[in-house]
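This one's a predicted model, so the numbers in the text were calculated from it and none came from an experiment. Indexing begins at 1, ligand by ligand and atom by atom, following the structure's order. What you see below is based on every heavy atom in this structure, not just the backbone, and it leaves out hydrogens, waters and symmetry mates.
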Amino acid sequence: MIPNSENDRGVNNNKEGAEVTKMSNPGLASNFIQNIINEDNEKGTYGGRVHTRFPPEPNGYLHIGHAKAICVDFGIAAQYNGLCNLRFDDTNPSKEDVEYVESIKRDVNWLGFDWEDREYYASDYFEQLYRYALQLIKAGKAYVCDLSPEEIREYRGTLTEPGKESPYRNRSVEENLDLFERMKAGEYEDGTRVLRAKIDMASPNLNMRDPVLYRILRSTHHRTGDKWCIYPMYDYAHPLSDAIEGVTHSICTLEFEDHRPLYDWILAALELPNPPKQIEFARLNLTNTIMSKRKLRQLVEKGIVEGWDDPRMPTLSGLRRRGYTPEAIRDFCERIGVAKSNSVVDIALLEHCIREDLNKKVPRVMAVLRPLKVVITNYPEGEVEYVEAENNPEDPGAGTRKLPFGREIYIEQDDFLEDPPKKFFRLAPGKEVRLKHAYIIKCEDVIKNQKTGEIVELRCTYDPDTISGGPSSGRKVKGTLHWVSAKHALDARIRLYEHLLIDEDAWGEGEENDFLSQINPNSLEVLTSSKVEESLKDAAPGSRFQFLRQGYFCVDTTSGKDNSLVFNRIVSLKDTWAKINKNE
Ligand code: ATP
Ligand code: MG
């Protein structure tokens with residue numbers, strides 16, 4: 001590991017653990033983490049205590065992968081009546097910011113977890129971490145090295161060749177103490193010296209080849225300002241932060257597995273009693289989804305999305321704005337379970353979870369996304385009647401509402417075909433359909449734009465006896481359409497989404513910038529002339545509905561400005577996950 005590298009954790013997210021399988025049977029993975037904890041509890045390792053932490057680096061917004069980690073960290077603690085800390089792992093000042101700290105707190109809370117008064121920062125321990133470093137130097141277990149970052153890399157060797165010892169490796173304790181103090185005092189340029197652990201340059205594990213513990217970096221820290229010009233590396237700060245907080249089980253993702261010997265070495269070298277233990281589980285990967293803060297940040301900075309909370313983003317703030325509920329996300333995390341080998345989860349499962357959650361919860365309303373005007377020629381001009389509509393057939397307590405019906409209504413453009421194929425049960429010339437909660441109508445005439453040939457209006461007749469309670473209310477026709485009253489409907493802007501990545505197997509993998517070429521150019525479609533029923537007039541941002549036959553929708557955060565009504569489609573009604581699993 002070298003200082004000033006792109007990723008100061010020296011890990012290559014997503015790419016490790018090679019084997020990638022598509023999970024077809026989620027939720028069944030046995031929870032090996034519980035087994036480890038049960039064993040510790042039986043042996044009394046930590047006196048029966050279970051204390052975990054969720055350790056985000058405040059360098060971006062949390063995503064659905066973090067939700068999995070949050071559910072595991074807080075969930076395990078809760079199961080054992082233990083505690084879980086929120087710890088900001090803020091050891092890399094050049095990329096971190098309070099904006100991210102605030103967003104992370106909001107998201108963890110929103111997801112339904114409470115760290116109570118245990119909000120910690122690795123930066124709060126800088127002083128103590130420094131003293132631990134002095135202790136390591138005094139024990140002959142760390143040294144100041146003057147090799148350049150390039151030289152350190154060269155000296156490190158490879159997986160097949162051992163490394164070479166640094167010429168500075170055998171400095172005396174006094175010299176090391178003096179140099180390290182002067183590093184801290186700001187006497188040296190950035191990148192000119194580092195503090196390294198003295199372990200084993202021939203270790204088969206590259207992380208054990210005298211890893212860097214401290215680097216010189218002049219960068220203003222969002223909490224400690226310019227107090228420090230040396231910063232601890234993640235691999236050094238993390239085990240010690242765990243120990244300082246009394247963490248027992250430090251649960252992280254698989255790419256840290258090779259770092260565990262270093263985690264243990266640091267705690268042992270300082271002879272800390274009852275050291276915490278690191279346990280790794282497989283990170284979440286989702287089809288069609290980028291799952292790396294660094295890549296997500298590029299989408300934001302390049303303006304490919306509208307921001308971290310763009311409803312196409314897999315961030316928790318994006319999912320929230322899109323209309324996802326914390327219940328659905330927690331349910332998803334539970335179903336995927338925790339396992340030891342990497343896998344890719346089908347995004348259809350996440351979509352299934354939000355449908356399941358909203359099905360019982362949200363009211364059904366009518367909205368016409370792409371309107372086509374229908375004039376009911378035998379309906380009295382100027383008359384309005386109110387028909388009764390149930391709010392949610394899945395929830396008997398949800399009651400009913402009155403919908404205005406009149407001579408002019410809108411239906412969906414694609415619910416009419418002039419020349420329909422055989423099994424088209426919607427409207428066509430001479431054909432009948434039922435209007436949901438109202439009458440059966442029959443298409444008598446099609447009005448077109450003379451010049452373009454575009455269909456602009458349908459002329460229909462209605463059968464007055466077919467309303468609920470009427471003499472022919474039971475008359476059956478094949479199709480039922482949703483509609484809105486032209487006179488009463490409200491204008492709305494509706495945002496429809498497709499997955500952010502075109503290729504379902506892409507999931508943001510591969511070469512650094514490759515994912516940019518996988519971005520779906522059709523991920524957002526904005527409909528500007530949609531019509532929604534008038535009951536949605538005062539729908540507040542964040543409220544959710546099922547638009548009959550069209551899916552689940554959420555009022556956008558921008559809605560209400562300039563009297564506009566803006567909806568995001570959360571998901572359509574077509575549940576590919578339920579379908580696949582039924583066929584299996
Ligand atoms: P990214 O690669 O997206 O930037 P990270 O691992 O660098 O993620 P951290 O802020 O360090 O982000 O993550 C905090 C915790 O969340 C860590 O314990 C990490 O292992 C876990 N985590 C991050 N991504 C995932 C994921 N996709 N699935 C499960 N856990 C994750
Ligand atoms: Mg990362």
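Asn520 and Tyr497 are not linked by any side-chain donor-acceptor pair at a separation below 3.5 angstrom, with hydrogens and angles left out of the test.
Annotation for ligand 1: atoms under 4.0 Å from non-hydrogen atoms of Pro55 are 14 (C), 18 (O). Less than 4.0 angstrom separates some heavy atom of Thr253 from each of these atoms of ligand 1: 19 (C), 20 (O), 29 (C), 30 (N), 31 (C). Those atoms of ligand 1 that come under 4.0 Å of a heavy atom in Ser292, given as number and element, are 3 (O). Remark: ligand 1 atoms within the under-4.0 Å shell around heavy atoms of Phe54 are 14 (C), 15 (C), 16 (O). For ligand 1 and His66, the ligand atoms under 4.0 Å from any heavy atom of the residue are 8 (O), 9 (P), 10 (O), 12 (O), 13 (O), 14 (C), 16 (O), 22 (N), 23 (C). Listed by atom number, the atoms of ligand 1 under 4.0 Å from Met291 heavy atoms are 3 (O), 27 (N). Close approach to Ala69 involves these atoms of ligand 1, each under 4.0 Å from a residue heavy atom: 16 (O), 21 (C), 30 (N).
The residue from Glu255, Arg87, His238, Lys293 that puts a heavy atom closest to atom 4 (O) of ligand 1 is Lys293. Closest heavy-atom approach to atom 25 (C) of ligand 1 within the set Cys252, Ala67, Ala282, Gly65: this belongs to Gly65.
Ring geometry for His238 versus Tyr263: interplanar angle of 30 to 60°, hence tilted. By the 30° and 60° cut-offs, the orientation of the rings of His221 relative to Tyr231 is parallel.
For the pair Asp73 (side chain) and Thr52 (backbone), a donor-acceptor distance under 3.5 Å is absent.
Salt bridge status for Glu525 with Arg569: absent, with no side-chain N to carboxylate O gap under 4.0 Å.
Each of Asn568, Thr558, Asp556, Asp310 was evaluated against Arg321; a single residue qualifies, Asp556, per the side-chain hydrogen bond (donor to acceptor under 3.5 Å, both in side chains) test.
Remark: ligand 1 and Asn59 share no N or O pair separated by less than 3.5 Å (distance only, no angle test). Inclusion of Arg283 in the set of residues having an N or O under 3.5 Å from an N or O of ligand 1 is warranted.
The side-chain tip of Lys184 points at the ring of Tyr130 from less than 6.0 angstrom away and within 45° of straight on. Cation-pi contact between Arg53 and Tyr120: absent, since separation from the ring centre below 6.0 Å together with deviation from the ring axis within 45° is not met.
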